[in-house]
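What follows is a single structure, written as structure tokens, with notes after it.
Letters A, B, ... mirror the listed sequences (proteins, then strands); counts begin at 1.
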2 protein chains.
Amino acid sequence: MVQICGDCRVRDRSICGSLSDEELETLNHLGRNRHLHKGETLLWAGEEALVCANLLSGVLKVSAATADGREQIVGLLYPSDFVGRPFAEEAEQSVTALTEVDLCVFPRKPFEAALEHHARMERLLLRRTLAALDEARARMLLLGRKTAGEKLATFLLDLAGHLGQRCSEGDTSFDLPLTRAEIADVLGLTIETVSRQMTKLKQEGLIDLPSGRQVTIRDRHALEERAEVA
Amino acid sequence: MVQICGDCRVRDRSICGSLSDEELETLNHLGRNRHLHKGETLLWAGEEALVCANLLSGVLKVSAATADGREQIVGLLYPSDFVGRPFAEEAEQSVTALTEVDLCVFPRKPFEAALEHHARMERLLLRRTLAALDEARARMLLLGRKTAGEKLATFLLDLAGHLGQRCSEGDTSFDLPLTRAEIADVLGLTIETVSRQMTKLKQEGLIDLPSGRQVTIRDRHALEERAEVA
DNA sequence: CGATGGCTTGATAGCGTTCAAGTCTAGTGG
DNA sequence: CCACTAGACTTGAACGCTATCAAGCCATCG
């Protein structure tokens with residue numbers, strides 16, 4: 001048997017980290033490693049939600065759409081994040097890979113059963129879900145009440161928190177895992193507005209854009225002020 | 001001792017409904033009935049989150065605000081809904097009464113301990129939190145991608161689902177527990193836009209407004225189309 | 001070297017905001 | 001019973017932010 005959990009890259013940070021070695025046995029049998037290519041979709045909104053998963057590497061988007069096809073990205077998932085929606089027959093949002101992605105996938109029903117028998121894991125999932133709710137609500141404030149410039153500033157600080165590497169002069173730097181179109185779908189804007197606000201932040205010296213997909217935060221304090229965080 | 005739980009109006013619908021009579025004893029000691037006047041705030045964003053609660057009657061808003069005071073209502077709570085944020089020292093959103101409100105309030109820390117000992121209640125809370133997350137994400141689609149008219153149509157259908165009474169001719173009718181300003185804060189709009197869209201929906205025959213605060217849904221199907229629900 | 005997809009930039013338009021009256025309703029006191 | 005008031009609501013006019021439409025740029029890749 002392959003020792004999936006034994007050398008798991010995110011074991012200590014995922015909800016499985018709560019389990020003892022013996023308990024992990026159960027999940028070890030349940031879980032399957034799976035790779036998703038950029039653009040591939042794991043769960044479709046409106047379809048039966050067959051699986052849950054832990055994200056091992058890469059970035060996933062969770063997205064909803066209107067009847068006529070307008071899209072809104074309602075969440076981003078990073079390594080060690082929990083993926084999916086236990087206890088719902090039908091997924092309300094789609095889950096799609098923004099980069100190459102590795103997952104540890106569980107069939108939903110057996111995973112739900114496993115939750116019942118591993119109170120600590122269930123507890124961790126509750127805490128994560130509560131945190132995700134707080135995050136979603138913060139994003140609601142962004143979508144409903146912030147201007148384009150404030151939205152972008154908030155978003156870049158968010159990304160820096162997840163992907164940021166300390167670089168020269170104490171600045172933070174990272175590569176965008178999203179295209180402008182995807183950023184627009186996160187912020188409830190259009191590509192053009194995202195692009196314009198990006199260059200504006202650069203011109204004002206708050207950020208630098210060495211190349212299209214790289215971002216360096218030059219003035220974190222000013223960016224935080226721009227973000228209008230409470 | 002007062003039999004708080006014995007004659008609880010929402011016992012069978014709240015997360016306490018999962019408990020046996022003996023288990024309820026624990027909560028019975030913990031819970032206190034509390035009344036909130038319209039406009040009173042139970043939890044302040046940024047302050048220590050001292051309590052959780054079950055909502056017995058009335059409507060609560062959960063709201064976030066930017067540094068400069070713009071407000072976004074990120075959730076509405078109805079009778080039997082769970083109130084508060086276990087496992088967080090500090091509340092990220094405020095909780096305020098939109099109407100006269102009755103609550104069954106628990107001090108947070110002891111409530112968290114009770115959760116640990118009552119797996120079924122914890123499980124129910126997890127399910128509710130997951131549902132709340134789905135709801136928040138649906139609202140993100142509304143805020144980011146829907147027009148003012150679509151926002152209002154969606155919102156009125158939402159309210160009808162919670163408060164609607166079947167009235168003559170099979171139409172659904174209800175009283176708004178929110179002012180126009182509060183509706184605006186839910187939908188990420190201004191008072192004036194809400195008012196204009198309201199009269200527009202009335203003129204088009206989708207709804208009727210017998211008085212300022214009463215709403216009758218005349219053409220549910222058309223309203224659903226307008227709402228652009230997936 | 002041309003094609004493609006992602007990105008930027010410019011010009012214009014429109015939706016929703018802002019500012020400003022004005023109306024309606026409920027509650028209060030004469 | 002009727003002014004009077006205050007708050008909620010509606011309506012109108014003008015503005016501005018962001019969307020829309022339209023080129024054009026730039027890197028990558030065949």
So which protein N/O to nucleotides 4-9 of chain D N/O distances come out below 3.5 Å?
residue	atom	partner	partner atom	Å
dC9(D)	OP1	Arg213(B)	NE	2.8
dC9(D)	OP2	Arg180(B)	N	2.8

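- Residue pairs meeting the side-chain hydrogen bond (donor to acceptor under 3.5 Å, both in side chains) criterion with at least one member in residues 92-107 of chain B, sequence neighbours excluded, are Asp134(A)-Gln93(B), His35(B)-Glu100(B), His35(B)-Asp102(B), His37(B)-Glu100(B), Thr41(B)-Thr96(B), Ser57(B)-Asp102(B).
- Judged as a ring pair (Phe, Tyr, Trp, His ring centres under 6.0 Å), not a single pair has a partner in residues 164-195 of chain B (not counting sequence neighbours).
- The distance from atom CG of Leu201(B) to atom C1' of dT10(D) is 15 Å, rounded to the nearest whole Å.
- Residues in residues 135-170 of chain A take part in these ring pair (Phe, Tyr, Trp, His ring centres under 6.0 Å) pairs, two or more places apart or across chains: Tyr78(A)-His162(A).
- In this structure, Ser195(B) has no side chain to side chain donor-acceptor pair (under 3.5 Å) partners at least two apart in sequence or on a different chain.
- In this structure, Arg13(A) and Pro79(A) approach most closely via the heavy-atom pair NH1-O, 3.9 Å.
- Heavy atoms of Thr199(B) sit under 4.0 angstrom from primed sugar atoms or phosphate atoms, though from no base atom.
- Computed from coordinates, the Glu150(B) CD to dG16(C) P distance equals 9 Å when rounded to whole Å.
- Straight-line distance from the NZ atom of Lys200(B) to the P atom of dT10(D): 16 Å, rounded to whole Å.
- For the pair Gln203(B) CD and dT10(D) P, the computed distance is 12 Å after rounding to whole Å.
- Pairs engaging residues 187-196 of chain B under the salt bridge (charged side-chain N to carboxylate O under 4.0 Å, His left out) rule: none recorded [sequence neighbours left out].
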Pairs under 3.5 Å (N/O, protein and nucleotides 14-21 of chain D):
residue	atom	partner	partner atom	Å
dT18(D)	OP1	Ala148(A)	N	2.9
dA19(D)	OP1	Thr190(A)	N	3.4
dA19(D)	OP2	Thr190(A)	N	3.3
dA19(D)	OP2	Thr190(A)	OG1	2.9
dA19(D)	OP2	Thr193(A)	OG1	2.3
dT20(D)	O4	Arg196(A)	NH2	2.9
dC21(D)	N4	Glu192(A)	OE2	3.0

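- Among pairs with a residue in residues 179-216 of chain B, none fulfils ring pair (Phe, Tyr, Trp, His ring centres under 6.0 Å), at least two apart in sequence or across chains.
- Leu152(B) places its CG atom 15 Å from the C1' atom of dC15(C), with the value rounded to the nearest Å.
- Within the structure, ring pair (Phe, Tyr, Trp, His ring centres under 6.0 Å) pairs that include any residue of residues 201-230 of chain B do not occur (at least two apart or interchain).
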